[in-house]
**Student:** 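Before anything else, here's the structure in question.
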Amino acid sequence: MYRTLPQIQNDLKERVVARRKEKRISQQKLAELSGVSLGSIKRFEQSNEISLTSLLKIAGALDDAESFDGLFCKKEYQSIEEVIQLAQNNNSKPH
(Lines give C-alpha, C1' and ligand atoms only; values in the text may rest on other atoms or scores of the structure.)
Protein backbone atom coordinates (compact mmCIF):
# COMPACT_ATOMS: atom_id res chain seq x y z
CA MET A 1 0.00 0.00 0.00
CA TYR A 2 1.31 3.43 -0.93
CA ARG A 3 1.70 5.89 1.91
CA THR A 4 1.94 9.63 1.48
CA LEU A 5 4.93 11.66 2.63
CA PRO A 6 2.92 13.27 5.47
CA GLN A 7 1.86 9.81 6.66
CA ILE A 8 5.46 8.60 6.68
CA GLN A 9 6.62 11.75 8.48
CA ASN A 10 3.90 11.39 11.11
CA ASP A 11 4.64 7.70 11.66
CA LEU A 12 8.34 8.45 12.06
CA LYS A 13 7.59 11.19 14.57
CA GLU A 14 5.26 8.88 16.51
CA ARG A 15 7.99 6.22 16.70
CA VAL A 16 10.53 8.78 17.95
CA VAL A 17 8.11 10.05 20.61
CA ALA A 18 7.29 6.49 21.65
CA ARG A 19 11.00 5.63 21.95
CA ARG A 20 11.65 8.79 23.98
CA LYS A 21 8.80 7.97 26.36
CA GLU A 22 9.80 4.31 26.52
CA LYS A 23 13.20 5.44 27.76
CA ARG A 24 11.53 7.91 30.13
CA ILE A 25 13.36 10.86 28.66
CA SER A 26 11.77 14.31 28.73
CA GLN A 27 11.97 16.65 25.78
CA GLN A 28 14.39 18.80 27.77
CA LYS A 29 16.63 15.82 28.56
CA LEU A 30 16.55 14.71 24.93
CA ALA A 31 17.64 18.20 23.92
CA GLU A 32 20.59 17.96 26.31
CA LEU A 33 21.55 14.44 25.22
CA SER A 34 21.26 15.12 21.50
CA GLY A 35 22.49 18.69 21.23
CA VAL A 36 19.28 19.61 19.41
CA SER A 37 17.45 22.64 20.75
CA LEU A 38 14.35 22.10 22.84
CA GLY A 39 12.43 24.26 20.37
CA SER A 40 13.40 21.97 17.49
CA ILE A 41 12.33 18.89 19.42
CA LYS A 42 8.99 20.47 20.31
CA ARG A 43 8.45 21.57 16.69
CA PHE A 44 9.22 18.05 15.47
CA GLU A 45 6.83 16.45 17.94
CA GLN A 46 4.07 18.93 17.04
CA SER A 47 4.49 19.41 13.29
CA ASN A 48 6.83 16.63 12.06
CA GLU A 49 9.36 19.23 10.86
CA ILE A 50 13.04 18.61 11.53
CA SER A 51 16.36 18.70 9.71
CA LEU A 52 18.08 15.47 8.83
CA THR A 53 21.04 16.41 11.01
CA SER A 54 18.81 16.99 14.03
CA LEU A 55 16.91 13.76 13.40
CA LEU A 56 20.18 11.83 13.28
CA LYS A 57 21.32 13.46 16.54
CA ILE A 58 18.04 12.53 18.20
CA ALA A 59 18.32 8.97 16.90
CA GLY A 60 21.82 8.78 18.34
CA ALA A 61 20.65 10.04 21.71
CA LEU A 62 17.92 7.39 21.68
CA ASP A 63 20.46 4.66 20.74
CA ASP A 64 18.87 4.11 17.34
CA ALA A 65 21.15 5.85 14.84
CA GLU A 66 22.04 2.54 13.19
CA SER A 67 18.48 2.39 11.83
CA PHE A 68 19.54 4.94 9.23
CA ASP A 69 22.34 2.72 7.90
CA GLY A 70 19.91 0.69 5.81
CA LEU A 71 18.41 3.63 3.94
CA PHE A 72 19.08 3.63 0.21
CA CYS A 73 21.35 0.59 0.38
CA LYS A 74 21.54 -1.88 -2.44
CA LYS A 75 18.67 -4.30 -2.24
CA GLU A 76 19.43 -7.95 -1.73
CA TYR A 77 17.40 -10.05 -4.15
CA GLN A 78 15.74 -13.29 -3.14
CA SER A 79 15.80 -14.91 -6.58
CA ILE A 80 16.91 -14.46 -10.18
CA GLU A 81 13.23 -14.08 -11.08
CA GLU A 82 13.06 -10.97 -8.90
CA VAL A 83 16.05 -9.48 -10.74
CA ILE A 84 14.52 -10.27 -14.14
CA GLN A 85 11.17 -8.76 -13.13
CA LEU A 86 12.85 -5.59 -11.92
CA ALA A 87 14.83 -5.29 -15.16
CA GLN A 88 11.66 -5.77 -17.22
CA ASN A 89 9.83 -3.13 -15.19
CA ASN A 90 12.71 -0.66 -15.59
CA ASN A 91 12.88 -1.25 -19.35
CA SER A 92 9.16 -0.53 -19.77
CA LYS A 93 9.32 2.82 -17.96
CA PRO A 94 10.17 6.00 -19.86
CA HIS A 95 13.47 7.59 -18.80
Side-chain angles (χ1 to χ4, degrees):
M1 180 170 108
Y2 176 76
R3 294 176 4 165
T4 65
L5 184 57
Q7 288 170 325
I8 294 168
Q9 288 172 309
N10 191 65
D11 289 350
L12 177 61
K13 182 256 313 202
E14 291 296 329
R15 289 193 302 270
V16 170
V17 171
R19 179 65 49 89
R20 177 178 65 76
K21 290 181 177 180
E22 174 184 297
K23 292 181 168 281
R24 297 181 181 186
I25 298 173
S26 68
Q27 289 178 332
Q28 178 65 47
K29 185 66 175 175
L30 182 57
E32 294 168 13
L33 292 171
S34 66
V36 174
S37 73
L38 178 59
S40 290
I41 290 171
K42 287 182 176 185
R43 184 174 57 253
F44 174 55
E45 292 191 6
Q46 292 170 356
S47 68
N48 305 336
E49 294 181 20
I50 194 162
S51 73
L52 177 58
T53 300
S54 293
L55 183 58
L56 289 169
K57 288 179 178 180
I58 289 170
L62 295 173
D63 298 321
D64 212 5
E66 70 277 354
S67 295
F68 287 91
D69 285 342
L71 290 176
F72 307 114
C73 289
K74 269 191 158 177
K75 181 179 178 188
E76 292 186 26
Y77 300 102
Q78 302 300 315
S79 67
I80 189 66
E81 289 81 14
E82 188 178 354
V83 174
I84 293 167
Q85 182 65 44
L86 180 64
Q88 289 172 342
N89 290 343
N90 285 339
N91 288 335
S92 65
K93 293 179 184 175
H95 294 115

**Student:** Show every salt bridge (charged side-chain N to carboxylate O under 4.0 Å, His left out) that has at least one partner inside residues 33-59, sequence neighbours left out.
**Tutor:**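 Passing the test, one end in residues 33-59: R20-E45.
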
**Student:** Count I, L, V, M, F, W, Y as connected when their side-chain heavy atoms are under 4.5 Å apart, and connections chain through other members. Are L52 and L71 then in the same cluster?
**Tutor:**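 Same cluster: L52 reaches L71 through Ile, Leu, Val, Met, Phe, Trp or Tyr contacts under 4.5 Å.
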
**Student:** Could you pull out all residues at least two apart from S37 that satisfy side chain to side chain contact (heavy atoms under 4.5 Å, CB included)?
**Tutor:**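 By the side chain to side chain contact (heavy atoms under 4.5 Å, CB included) rule, S37 matches S40.
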
**Student:** Taking side chain to side chain donor-acceptor pair (under 3.5 Å) as the definition, give me every residue that meets it alongside S67, ordered by chain and number, with sequence neighbours left out.
**Tutor:**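 In terms of side chain to side chain donor-acceptor pair (under 3.5 Å), with neighbours along the sequence ignored, S67 is linked to D64.
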
**Student:** Going by the rule side chain to side chain contact (heavy atoms under 4.5 Å, CB included), which residues pair with I80 if we only count those two or more places apart in sequence or in a different chain?
**Tutor:**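 Partners of I80 under the side chain to side chain contact (heavy atoms under 4.5 Å, CB included) test: V83, I84.
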
**Student:** Begin with the C-alpha distance, continue with both residues' side-chain angles, and end with the deciding distance and a verdict on side chain to side chain contact (heavy atoms under 4.5 Å, CB included) for L12 and R15.
**Tutor:** CA-CA 5 Å; L12 177 61; R15 289 193 302 270; 3.8 Å; yes

**Student:** Answer with yes or no whether the side chains of E81 and Q85 bring together a donor and an acceptor at under 3.5 Å.
**Tutor:**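 Not at all, the side chains of Q85 and E81 share no donor-acceptor pair under 3.5 Å.
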
**Student:** Going through the checks in order, is the side chain to side chain contact (heavy atoms under 4.5 Å, CB included) test met by L62 and L30?
**Tutor:** CA-CA 8 Å; L62 295 173; L30 182 57; 4.0 Å; yes

**Student:** Hey, what do you get for CD1 (I8) to CG (N10), rounding to the nearest 0.5 Å?
**Tutor:**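 I8 atom CD1 to N10 atom CG measures 11.0 Å (nearest 0.5 Å).
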
**Student:** Using 0.5 Å steps for rounding, measure from the CG atom of L55 to the CD1 atom of I41.
**Tutor:**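 Going from CG on L55 over to CD1 on I41, the span is 11.0 Å.
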
**Student:** Please enumerate all residues that pass salt bridge (charged side-chain N to carboxylate O under 4.0 Å, His left out) together with D63, with sequence neighbours excluded.
**Tutor:**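 Salt bridge (charged side-chain N to carboxylate O under 4.0 Å, His left out) list for D63, sorted by chain: K23.
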
**Student:** With E82, which residues qualify under side chain to side chain contact (heavy atoms under 4.5 Å, CB included), at least two apart?
**Tutor:**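 Expected list: K75, Y77, Q78, S79.
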
**Student:** Indicate the atoms forming the closest heavy-atom contact of V16 with I58, along with that distance.
**Tutor:**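 Shortest heavy-atom contact: CG1-CG2, 3.9 Å.
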
**Student:** Distance from Q9 atom CD to Q7 atom CD, nearest 0.5 Å?
**Tutor:**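 Rounded to the nearest 0.5 Å, the CD-CD separation comes out at 10.5 Å.
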
**Student:** What's the shortest heavy-atom distance between N48 and K13, and which atoms?
**Tutor:**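 Closest approach of N48 to K13: OD1-CE, 2.9 Å.
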
